[in-house]
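Only one structure is covered here, and it is reproduced in the block below.
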Amino acid sequence: DSGVTQTPKHLITATGQRVTLRCSPRSGDLSVYWYQQSLDQGLQFLIQYYNGEERAKGNILERFSAQQFPDLHSELNLSSLELGDSALYFCASSVATGSGGRTDTQYFGPGTRLTVL
Amino acid sequence: GENVEQHPSTLSVQEGDSAVIKCTYSDSASNYFPWYKQELGKGPQLIIDIRSNVGEKKDQRIAVTLNKTAKHFSLHITETQPEDSAVYFCAAVKAAGNKLTFGGGTRVLVKP
């Protein structure tokens, strides 16, 4: 158990809908990352938050957004869902930002499997 | 941006044999290289990592080597056991950042 929790475990919805995925980082970790894992794209970085602020952005669609709250949990919002958004969404956390030349280990949660019908 | 290639995509070994997975990266600014193991229905779990100031690191049956000049790194698993069966991912991270760029994964099957 990594200490990172994600809810829900499974989510089934229809095209055009909006969903929210939730992540709680390990105790003491300030950074949260979101990754998407699909069969054709593999594991891809979406976005990073550190202590409530966005720090890095990857291949995240405009239909997707995220935020990190004062208690450090994070939510990933996916809207206008398409069939191609079906994937596993992982949250990871680390102690800090990775800046200053030292990269922090990222610990992954169990993921949310999103199925768009 | 960074690109990480991983080979092979599948690997079948007999229990007790060794398994080797190789990755190459494109950005010479990358300086941190973790390896993750993903079992069915679970999230990636860090098994070992190496930083660019080190050439080799070992942890029991698992070892990782890094060749900065050639921009490649490898995972070695010795005395494989059935519980080593999983998908393994290599990743690279650029200095002063935390974005993981993953390889495509290697599905390892250890046959008893």
Side-chain angles (χ1 to χ4, degrees), chain A residues 1-7 9-10 21 23 25-26 29-51 54-60 87-113, chain B residues 1-10 21 23-25 27-54 57 59 64 66 68 73 86-107:
Chain A
D1 184 0
S2 66
V4 178
T5 60
Q6 288 186 249
T7 57
K9 194 170 178 61
H10 300 281
L21 282 51
C23 166
R26 295 187 321 152
D29 284 358
L30 299 178
S31 268
V32 170
Y33 312 79
W34 287 96
Y35 291 85
Q36 180 192 58
Q37 185 175 35
S38 62
L39 283 174
D40 55 344
Q41 297 289 328
L43 263 165
Q44 289 208 320
F45 169 75
L46 295 178
I47 197 165
Q48 175 196 3
Y49 275 82
Y50 171 74
N51 206 21
E54 182 184 309
R55 291 304 295 259
K57 228 170 182 176
N59 300 325
I60 187 166
L88 273 166
Y89 291 85
F90 288 104
C91 166
S93 73
S94 72
V95 172
T97 62
S99 61
R102 172 88 182 172
T103 301
D104 301 310
T105 299
Q106 292 183 32
Y107 298 90
F108 282 74
T112 293
R113 181 175 293 279
Chain B
E2 175 64 282
N3 182 50
V4 178
E5 294 193 359
Q6 183 172 345
H7 299 281
S9 56
T10 60
I21 303 170
C23 290
T24 60
Y25 61 99
D27 195 333
S28 56
S30 291
N31 67 350
Y32 173 66
F33 307 91
W35 286 88
Y36 286 87
K37 174 183 181 182
Q38 187 176 21
E39 296 175 321
L40 197 62
K42 297 185 178 180
Q45 176 191 5
L46 180 76
I47 55 172
I48 196 167
D49 57 11
I50 191 167
R51 300 183 188 270
S52 60
N53 58 347
V54 174
K57 184 177 178 181
D59 183 5
V64 57
L66 171 64
K68 283 184 62 180
F73 56 113
V87 180
Y88 292 81
F89 291 95
C90 62
V93 181
K94 283 175 67 171
N98 249 10
K99 170 190 168 185
L100 288 168
T101 300
F102 284 93
T106 297
R107 185 174 299 277

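The sequence lines fix the lettering, A, B, ..., with proteins before strands; numbering per chain opens at 1.
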Item to check | Residue pair A:Y33, B:L100: steps toward the side chain to side chain contact (heavy atoms under 4.5 Å, CB included) verdict | outcome: CA-CA 10 Å; A:Y33 312 79; B:L100 288 168; over 6 Å; no
Next on the checklist: Could you go through A:T105 and B:Y32, starting from their C-alpha distance and side-chain angles, then the distance that decides it, and tell me whether this counts as side chain to side chain contact (heavy atoms under 4.5 Å, CB included)?
Outcome noted: CA-CA 9 Å; A:T105 299; B:Y32 173 66; 3.4 Å; yes
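Under the rule for a side chain to side chain contact (heavy atoms under 4.5 Å, CB included), the partners of B:S30 that lie at least two apart in sequence or sit in another chain are B:E2, B:Y25, B:D27, B:F33, B:A92, B:K94.
The part of A:Q37 that comes within reach of chain B is its side chain, from C-beta onward, which places non-hydrogen atoms under 4.5 angstrom from that chain.
Expressed to the nearest 0.5 Å, how far CZ of A:F108 lies from CZ of B:F89 amounts to 9.5 Å. Distance CG/A:L46 to NZ/B:K99: 10.5 Å, rounded to 0.5 Å.
Taking a 6.0 Å sphere around CZ of A:R26, one finds it holds more than 12 heavy atoms contributed by other residues, nucleotides or ligands.
What you find for A:Q106 and B:Y36 is that their closest heavy atoms are O-OH, 2.7 Å.
For residues 41-49 of chain B, heavy-atom neighbours of chain A at less than 4.5 Å comprise B:G41, B:K42, B:G43, B:P44, B:L46, B:D49, sorted by residue number.
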